[in-house]
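The figures here come from the full heavy-atom set of this structure, side chains too, leaving out hydrogens, waters and symmetry mates. Treat the numbers as computed from the prediction; the structure is a model and nothing was measured.
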Amino acid sequence: VLLAQRLPWLTGFVGASKFNVHLLEALSQKHSCRMLALASQSEGDGSLDELQRKARAMGLARARSSSDAAVYVQGGVEFHAAPDGRRLWNLLAAQIRDFDPDAILISEDRTFLGLATAIEEAGTGRVTYIAHSQTTLPFGPESFGSDVAKTEVLRRAAGMLVTSNYMRHYVRRWSGLQADVLAIPAYG
């Protein structure tokens, strides 16, 4: 299972990231799991150094690194952290080819470039979008911005997972898409 998010992966930042980490840690009991994420909230070359300081403070050692990503292993999951969004989506394309996951989950991608990349590399059958907030969706009155082209990319995914019944109803009402609720106790 490969999950890519346009958020930092270290827990403690954002609820969506905590949710995704808990999901992959649970799935790693039976599956090989990788997460691709940003190294930090502040994108750029210094973000990998910032991540290394934070990871070291948490007792995490880097497994390997390059100028495009740092790799850590925690809770049975291999985490690949990229310094910025462009390298994150390039890393996603490379990981789809190299890791050849059975399932690809894309989360918190307001640009929908990650979702488009995953669909282009793997086809629609293995790609599912996880929506945590209606603000990041490209439709409806609670969205940061409606975008028909992004909604069409979302329609091409094999499915959509949301974190609440409210989100499921929102997605159905404002896009006509079906979504399944996946509740993970991200806060305990």
Side-chain angles (χ1 to χ4, degrees), residues 1-28 31-122 126-133 135-137 157 160-163 182 184 186-187:
V1 177
L2 178 64
L3 187 151
Q5 66 178 21
R6 202 170 195 292
L7 294 170
W9 68 272
L10 279 180
T11 57
F13 286 111
V14 178
S17 188
K18 286 181 183 181
F19 179 103
N20 292 340
V21 168
H22 288 306
L23 174 62
L24 284 184
E25 287 175 346
L27 289 171
S28 74
H31 305 280
S32 178
C33 295
R34 291 184 185 176
M35 176 184 265
L36 311 180
L38 292 175
S40 98
Q41 291 283 52
S42 56
E43 296 185 38
D45 290 329
S47 66
L48 291 174
D49 294 332
E50 180 183 338
L51 172 64
Q52 183 177 0
R53 286 189 298 277
K54 288 179 182 178
R56 193 176 308 134
M58 294 175 64
L60 298 174
R62 219 177 359 192
R64 61 187 179 278
S65 66
S66 68
S67 61
D68 291 329
V71 180
Y72 294 83
V73 177
Q74 177 185 19
V77 179
E78 194 173 281
F79 293 92
H80 296 246
D84 57 53
R86 181 186 57 78
R87 286 182 269 194
L88 177 65
W89 302 138
N90 289 340
L91 180 62
L92 173 62
Q95 284 294 310
I96 290 171
R97 289 188 298 270
D98 297 342
F99 184 50
D100 192 26
D102 295 324
I104 302 162
L105 306 171
I106 305 296
S107 180
E108 295 307 289
D109 174 20
R110 279 181 53 191
T111 66
F112 285 81
L113 293 173
L115 185 61
T117 299
I119 290 169
E120 183 178 312
E121 290 292 329
R126 294 188 283 166
V127 181
T128 300
Y129 189 78
I130 301 176
H132 292 274
S133 169
T135 59
T136 60
L137 291 171
M160 184 186 316
L161 298 172
V162 294
T163 58
L182 179 63
I184 299 280
Y187 297 102

| note | One should read off an interatomic distance between Arg56 CZ and Arg53 CZ, to the nearest 0.5 angstrom, of 8.5 Å
| Would you say the side-chain atoms of Ser17 pair up with the backbone N or O of Pro8, donor to acceptor, closer than 3.5 Å? | yes
| field | Where at least one partner belongs to residues 80-114, residue pairs that pass ring-ring contact (aromatic ring centres under 6.0 Å, His included), sequence neighbours excluded | value | Phe112-Tyr129
| For His132, what residues pass the ring-ring contact (aromatic ring centres under 6.0 Å, His included) criterion, not counting sequence neighbours? | Phe19
| query | Would a 4.5 Å heavy-atom cut-off, applied to side chains only, mark Arg126 and Asp100 as touching? | reply | yes
| Heavy atoms, side chains only, cut-off 4.5 Å: are Val127 and Ile106 in contact? | yes
| In Å and rounded to the nearest 0.5 Å, what is the CE to CG distance from Met35 to Leu7? | 8.5 Å
| query | So which heavy atom on Ser28 is nearest to which on Gly75, and how close? | reply | OG-O, 3.2 Å
| query | Would a 4.5 Å heavy-atom cut-off, applied to side chains only, mark Leu92 and Ile96 as touching? | reply | yes
| With sequence neighbours excluded, residues passing salt bridge (charged side-chain N to carboxylate O under 4.0 Å, His left out) with Asp98 | none
| What's the shortest heavy-atom distance between Ile104 and Ala122, and which atoms? | CD1-CB, 3.4 Å
| Of all residues at least two apart in sequence or in a different chain, which pass the side-chain contact (heavy atoms from CB on, under 4.5 Å) check with Arg86? | Asp84, Asn90
| remark: Heavy atoms of Ala157 and Ile119 approach each other most closely as N-CD1, 3.9 Å
| query | Do Ser40 and Leu51 come close enough that some side-chain heavy atom pair is under 4.5 Å? | reply | no
| ring-ring contact (aromatic ring centres under 6.0 Å, His included) pairs, two or more places apart, involving residues 51-79 | Trp9-Tyr72, Trp9-Phe79
| note | Across all chains, not counting sequence neighbours, the side chain to side chain donor-acceptor pair (under 3.5 Å) partners of Asp68 are none
| field | Partner set under salt bridge (charged side-chain N to carboxylate O under 4.0 Å, His left out) for Arg97, not counting sequence neighbours | value | Glu121
| Residue list, side-chain contact (heavy atoms from CB on, under 4.5 Å) with Leu161, at least two apart or on another chain | Thr128, Ile130, Asp180, Leu182
| said: How long is the straight-line distance from CG of Leu36 back to CG of Leu2, given to the nearest 0.5 Å? | reply: 4.5 Å
| said: Any non-hydrogen side-chain atom of Leu23 less than 4.5 Å from a side-chain atom of Leu105? | reply: yes
| query | Taking only residues at least two apart or on different chains, which pairs with a member in residues 105-115 satisfy salt bridge (Lys or Arg N to Asp or Glu O under 4.0 Å)? | reply | none
| task | Could I get the full list of side chain to side chain donor-acceptor pair (under 3.5 Å) partners for Ser32, not counting sequence neighbours? | result | none
| request: State which residues pass salt bridge (charged side-chain N to carboxylate O under 4.0 Å, His left out) with Arg34; sequence neighbours excluded, sorted by chain then number. | output: Glu78
| Closest contact, heavy atoms only, Leu48 versus Ala81 | CD2-O, 3.5 Å
| said: Using every non-hydrogen atom in the two residues, find where Ala131 and Leu137 come nearest and quote the distance to one decimal. | reply: CB-CD2, 3.8 Å
| query | Looking only at heavy atoms, which two atoms of Ser42 and Ser47 are closest? And how far apart? | reply | O-CB, 3.3 Å
| task | Please name all residues satisfying side chain to side chain donor-acceptor pair (under 3.5 Å) with Thr163, sequence neighbours left out, ordered by chain then number. | result | none
| message | If you define the side chain from C-beta out and look only at heavy atoms, does anything of Glu43 sit under 4.5 Å from Arg6? | response | yes
| For atom CG of Asp49, is the number of surrounding heavy atoms from other residues, nucleotides or ligands below 6.0 Å larger than 12? | yes
| request: Any chance you could measure Cys33, atom SG, to Leu27, atom CG, to the nearest 0.5 Å? | output: 5.0 Å
